[in-house]
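Input: a single structure, listed below in structure tokens.
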Amino acid sequence: MNNLIKKDTLRQNKDIFQADPIPGMEAVEQMLHQAVSDSHHFTNKICTDLIEAGGKRVRPLLVLSSAQCFGSLNQETVYTAVACELIHMASLVHDDVIDLSKTRRNKPTLNVQIGNHASVLVGDYLFAKAFEILSANKLLSSMNLVVEAIGEMCDGEIVQADNKFNLNQTMEDYYSRIYKKTGILIAACCQAGAIVGGAEDHEVEAFREYGKNIGYAFQIIDDLLDFTGNEKIMGKPVGCDLREGNITLPVLKLIAQAEYKQWIQGIFEQGNVGKSQYLEILRLMKDSYALEESYQEAVVCVEKAKAALGEIKDSPNKNMLLNLADKIIRRKN
């Protein structure tokens, strides 16, 4: 694994890096394939299909850009970016099993294709490959960050499962949960990138704050899209969170009004959120400004994220991170 990318490989790909909008993304794609290339042909095909299914690649992008705010691209940065994407991929595979999801990116989920048992093992395999890359290259700071993130992500899922259909949750509960589910890994990507780029401690902390807040914004927009998104664009059904009893920010905004809380509680007690009930809840969210208020909270989080980078030296990579924060609140999927 130490030889996945050598210094001369980076030099050979110099022109590719310069041509890329984000220097290093080409190397990340290559190494994602290389990381699973020594597996059994069936495992390799499954993992290759997952890699080629695409995705936003937000996490490796954050690692690469955070690192390059402080210096030029190096091997350690690429290794860290690949490990973070593998961890994200593994978590999505496990999430689909937990949520019994049928589609992702307009395609059948892995658990639909090969079953829950094999899907869990594929997720575990991807986790193992991520740690192999980090340990083989002695990226201990990055490993510590992602180990903590994985633990918190699992804890967040457990807390969410324990609070299904529980309308007695607070805003503090919500933000704590989405930090564990989404924010902490995004923050870890930013911190790890800054560390391998040579940042000082206070600069690493600034990137943690940036990552935490764009993680908040990302999840809030995700929660909004579950009510307002286009299924074809999103590649998955809308309304899943509500039907599964996950209490998201728009719901919390709506039930801040006592009469709505009592009404929704009655629906939950019936044991099923039907289409007509879902549409009525959506109408009430629009009329009560619950959706607009949720969106404005995402905007506030984005502004906090951008402010966190205020003392970081101006550079194209810093500008990319600031622009990424703005794009989060405009995304459709």
Side-chain angles (χ1 to χ4, degrees), residues 1 4-5 9-10 13 16-17 20-35 51 54-92 126-127 129-150 153 182-201 203-215 218 305 308-309 312 315-325 327-328:
M1 189 64 71
L4 279 178
I5 274 196
T9 307
L10 285 174
N13 283 303
I16 295 175
F17 293 161
D20 280 350
I22 306 299
M25 284 303 294
E26 181 79 12
V28 167
E29 293 298 326
Q30 291 174 7
M31 192 188 290
L32 283 170
H33 285 277
Q34 290 172 342
I51 292 166
K56 302 177 184 67
R57 299 289 193 258
V58 169
R59 287 144 192 88
L61 183 152
L62 288 170
V63 173
L64 294 171
S65 296
S66 298
Q68 290 175 90
C69 283
F70 302 99
S72 58
L73 183 68
N74 57 41
Q75 293 180 81
E76 289 75 17
T77 302
V78 177
Y79 286 132
T80 302
V82 170
C84 287
E85 182 65 6
L86 288 171
I87 287 167
H88 174 58
M89 288 171 58
S91 70
L92 292 183
L126 294 172
F127 276 131
K129 284 298 176 181
F131 289 123
E132 182 180 345
I133 291 170
L134 294 174
S135 62
N137 293 284
K138 299 179 172 59
L139 295 165
L140 298 183
S141 293
S142 297
M143 182 177 290
N144 288 337
L145 287 167
V146 298
V147 165
E148 179 188 3
I150 291 170
M153 288 161 68
T182 305
I184 193 167
L185 181 58
I186 290 178
C189 292
C190 297
Q191 289 173 273
I195 289 169
V196 295
E200 297 181 4
D201 288 347
E203 294 169 322
V204 174
E205 176 59 24
F207 276 82
R208 186 195 74 83
E209 191 69 15
Y210 167 85
K212 178 184 74 173
N213 279 288
I214 66 167
F218 194 95
L309 299 185
I312 303 299
S315 69
N317 283 283
K318 176 183 173 180
N319 289 337
M320 196 290 304
L321 292 171
L322 296 176
N323 291 335
L324 174 64
K327 289 178 181 178
I328 285 173

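Everything quoted here is computed from the prediction, not taken from an experiment. In what follows, every heavy atom counts, from backbone to side chain, and hydrogens, waters and symmetry copies are set aside.
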Could you check M89 against I51 for side chain to side chain contact (heavy atoms under 4.5 Å, CB included), going step by step and ending with a plain yes or no?
-> CA-CA 8 Å; M89 288 171 58; I51 292 166; 3.7 Å; yes
Would you check if the side chain of [X] reaches a backbone N or O of [Y] as a donor-acceptor pair within less than 3.5 Å?
X    : Y    : value
S65  : L62  : no
N137 : L139 : no
K129 : L86  : no
T77  : L73  : no

From [X] [atom1] over to [Y] [atom2], what is the distance, rounded to the nearest 0.5 angstrom?
X    : Y    : atom1 : atom2 : result
L185 : C84  : CG    : SG    : 6.0 Å
C69  : M320 : SG    : CE    : 7.5 Å
L322 : L324 : CG    : CG    : 9.5 Å
I312 : F207 : CD1   : CZ    : 4.5 Å
M31  : I133 : CE    : CD1   : 6.5 Å
L64  : I22  : CG    : CD1   : 7.5 Å

Qualifying residues under salt bridge (Lys or Arg N to Asp or Glu O under 4.0 Å), relative to [X], sequence neighbours excluded:
X    : answer
E209 : K212
E148 : none
E29  : R57

Show your reasoning for whether side chain to side chain contact (heavy atoms under 4.5 Å, CB included) applies to N317 and F70.
-> CA-CA 9 Å; N317 283 283; F70 302 99; over 6 Å; no
Please give me the minimum heavy-atom distance between [X] and [Y], naming the atom from each residue.
X    : Y    : result
T182 : F218 : CG2-CD2, 4.5 Å
A192 : L145 : N-CD1, 3.7 Å
A325 : I214 : CB-CG2, 4.0 Å

Within 6.0 angstrom of N323 CG, more than 12 heavy atoms from elsewhere =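 For N323, atom CG is crowded (more than 12 foreign heavy atoms under 6.0 Å).
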Identify, with sequence neighbours excluded, every residue that meets side chain to side chain donor-acceptor pair (under 3.5 Å) alongside T80.
->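 Residues passing side chain to side chain donor-acceptor pair (under 3.5 Å) with T80: none at all.
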Salt bridge (charged side-chain N to carboxylate O under 4.0 Å, His left out): pairs with one or both residues in residues 184-200, sequence neighbours excluded = none
Who are the ring pair (Phe, Tyr, Trp, His ring centres under 6.0 Å) partners of Y210, not counting sequence neighbours?
->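 Checked Y210 against ring pair (Phe, Tyr, Trp, His ring centres under 6.0 Å); zero matches.
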